[in-house]
Number of protein chains: 2
Amino acid sequence: MNIGQAAAQAGLHAKTIRYYEDIGLILPAARGANGYRDYGVEDLHVLRFVQRARGLGFSVRDCRDLLSLYHDRNRASADVKALAEQRIASIEVKVAELRSLAATLSHLVERCAGDDRPDCPILDDFAEAHHA
Amino acid sequence: MNIGQAAAQAGLHAKTIRYYEDIGLILPAARGANGYRDYGVEDLHVLRFVQRARGLGFSVRDCRDLLSLYHDRNRASADVKALAEQRIASIEVKVAELRSLAATLSHLVERCAGDDRPDCPILDDFAEAHHA
DNA sequence: CTTGACCTTCCAGCGGCTGGAAGCTCAATA
DNA sequence: TATTGAGCTTCCAGCCGCTGGAAGGTCAAG
């Protein structure tokens with residue numbers, strides 16, 4: 001299977017797969033007589049694995065760790081679980097940050113008349129606020 | 001006031017201020033006889049403005065628009081409000097995405113024994129799932 | 001036998017900084 | 001006065017995770 005098909009099956013761009021190979025996230029694919037990369041069923045598992053993990057927000061660094069657990073027949077599922085829990089925790093941190101930003105903006109928006117006059121508490125806040 | 005002091009007052013790094021000048025987000029600062037950038041009170045307002053807007057998650061592109069409204073004596077506060085509302089909306093989209101990721105991960109984590117055995121529904125899902 | 005889609009490599013750029021090198025100036029100290 | 005050391009200047013490179021484009025080889029269909 002050529003890279004284009006593999007990409008389609010895995011939900012990735014061909015370019016992305018080459019990039020992953022480049023940075024050593026995945027092993028170099030086998031090559032056909034014409035020099036084209038050739039992907040088999042297990043390669044597809046790996047590619048899907050990466051696209052799924054990336055899609056769930058794991059960094060490429062995390063994906064390296066996850067892949068090495070995936071390949072390790074003697075892994076402990078606890079290690080995988082720990083990575084997933086870390087990921088959940090960092091998502092929750094991010095969500096909290098974003099909600100706080102949204103709340104701040106909402107307060108400002110509420111106080112802004114939103115008409116054709118120039119007076120604007122949002123701009124005033126931006127320019128004048130001293131935020132610790 | 002030199003760039004270091006201005007940076008401290010505005011809550012930015014000196015490097016960041018030079019960068020903002022470089023990309024034309026802020027106007028080039030006045031220069032002293034020694035060639036050092038020299039910042040005054042109004043410059044500080046602008047710098048704080050940018051750090052506050054960036055801190056609230058506005059992109060540099062957004063900051064350009066916000067700054068031009070800030071400088072426009074004939075602005076309509078409605079335009080500012082609209083930008084802020086857009087920003088809130090995009091935060092909410094992001095939060096929803098993240099919560100969905102966390103939920104998916106939580107389901108997987110729940111099903112993982114998290115012991116010293118290799119069997120792991122998380123890894124299984126990653127490698128085998130066909131997610132539309 | 002040509003078209004056009006696919007494949008290959010390599011290099012450049014996105015956003016938004018951040019770090020480092022090399023060389024100024026300036027204020028304080030020995 | 002001579003010298004630190006901090007702070008300023010410029011410029012170039014790198015971070016992440018791709019993505020786009022150029023220049024070229026290969027393949028299947030018409």
Side-chain angles (χ1 to χ4, degrees), chain A residues 1-26 28-40 43 46-67 87 90-91 94 97-98 101, chain B residues 1-40 43-44 46-67 87 90-91 94 97-98 101:
Chain A
M1 183 189 292
N2 284 347
I3 197 169
Q5 279 201 310
Q9 298 270 342
L12 293 167
H13 294 299
K15 284 230 151 195
T16 305
I17 297 179
R18 289 195 201 97
Y19 170 72
Y20 287 160
E21 191 182 299
D22 225 51
I23 62 170
L25 176 61
I26 58 179
R31 299 289 182 135
N34 52 14
Y36 287 15
R37 287 176 183 79
D38 186 32
Y39 296 89
D43 297 314
V46 170
L47 291 174
R48 265 199 290 259
F49 186 102
V50 175
Q51 101 75 223
R52 178 90 172 121
R54 291 286 301 127
L56 286 169
F58 288 94
S59 70
V60 166
R61 181 77 185 79
D62 289 337
C63 288
R64 274 181 217 273
D65 297 344
L66 287 167
L67 273 176
R87 177 75 201 121
S90 79
I91 289 173
K94 191 76 197 164
E97 285 172 9
L98 289 175
L101 296 186
Chain B
M1 182 187 294
N2 285 346
I3 197 170
Q5 280 201 310
Q9 298 271 341
L12 293 167
H13 293 300
K15 284 227 150 195
T16 305
I17 297 179
R18 290 194 200 98
Y19 170 73
Y20 287 160
E21 190 182 299
D22 225 52
I23 61 169
L25 177 61
I26 58 180
L27 290 172
R31 299 288 182 135
N34 52 13
Y36 287 15
R37 286 175 182 79
D38 186 32
Y39 296 89
D43 297 313
L44 265 189
V46 170
L47 292 174
R48 264 200 288 261
F49 186 102
V50 174
Q51 101 73 225
R52 179 87 171 121
R54 290 286 301 127
L56 287 170
F58 288 94
S59 69
V60 165
R61 181 77 186 77
D62 288 337
C63 288
R64 274 181 217 275
D65 296 344
L66 287 166
L67 273 176
R87 177 77 200 119
S90 78
I91 290 173
K94 191 75 196 165
E97 285 171 8
L98 289 175
L101 296 185

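Just so you know, these numbers come straight off a predicted model, no measurement behind them. Below, chain A is the first sequence line, B the second, and so on; all start at residue 1.
Rounding to whole angstrom units, CG of residue A/Leu25 and C1' of D/dC18 are separated by 13 Å. Going from atom CZ of B/Arg64 over to atom C1' of C/dG15 covers 11 Å, rounded to whole Å. The CD1 atom of B/Ile17 sits 13 Å away from the C1' atom of C/dC17 (whole-angstrom rounding). Distance B/Asp22 CG to D/dC11 P: 8 Å, rounded to the nearest Å. In this entry the distance linking OH of B/Tyr19 with P of D/dC12 reads 16 Å, nearest Å. When rounded to the nearest whole Å, the span between CD1 of A/Ile23 and C1' of D/dT19 equals 14 Å. Counting to the nearest Å, the P atom of D/dG17 and the CG atom of A/Leu12 are 14 Å from each other. Nucleotide C/dT25 holds its P atom 9 Å from the CG atom of B/Asn34, rounded to whole Å.
Enclosure of atom CZ in A/Arg61 is not indicated, since only 12 or fewer non-hydrogen atoms of other residues, nucleotides or ligands lie within 6.0 angstrom. For B/Leu27, the CG atom sits in a loose shell: 12 or fewer heavy atoms of surrounding residues, nucleotides or ligands are nearer than 6.0 Å.
Distance alone, capped at 3.5 Å, is enough to place a donor-acceptor pair between the A/Arg87 side chain and the A/Gly57 backbone.
When the nucleotides C/dT18, D/dC8, D/dT9 are ranked by their closest atom to the side chain of B/Arg31, D/dT9 comes out on top. Distance from the side chain of A/Ile3 is smallest for C/dT8 among the nucleotides D/dT9, C/dT8, C/dG16. Proximity note for B/His13 (side chain, C-beta onward) versus D/dT26, D/dC18, C/dT18: the nearest is C/dT18.
Salt bridge A/Arg18/A/Asp22: absent, no basic N to carboxylate O contact under 4.0 Å.
Among the atoms of the strands shown, base atoms are found under 4.0 Å from some heavy atom of A/Arg18. If you check every strand for non-hydrogen atoms under 4.0 Å, B/Arg37 touches sugar and phosphate atoms only.
In the interface, the side chain of B/Lys15 is not paired with the base of C/dG16 through any donor and acceptor atom under 3.5 Å apart. For A/Tyr20 against D/dG17, no side-chain N or O and base N or O form a donor-acceptor pair under 3.5 Å.
Evaluated for a side chain to side chain contact (heavy atoms under 4.5 Å, CB included) with B/Val50, the options B/Thr16, B/Leu25, B/Ile17 yield exactly one hit, B/Leu25.
Mapped onto DNA chain C by nearest heavy atom, A/Glu21 and B/Val60 fall at different nucleotides, with A/Glu21 at the one closer to the 5' end. The 5' end of DNA chain D is approached more closely, in terms of each residue's nearest nucleotide, by B/Asp38 than by the other of A/Arg54 and B/Asp38.
Look at A/Thr16 and you'll find a side-chain N or O under 4.0 angstrom from OP1 or OP2 of D/dT19.
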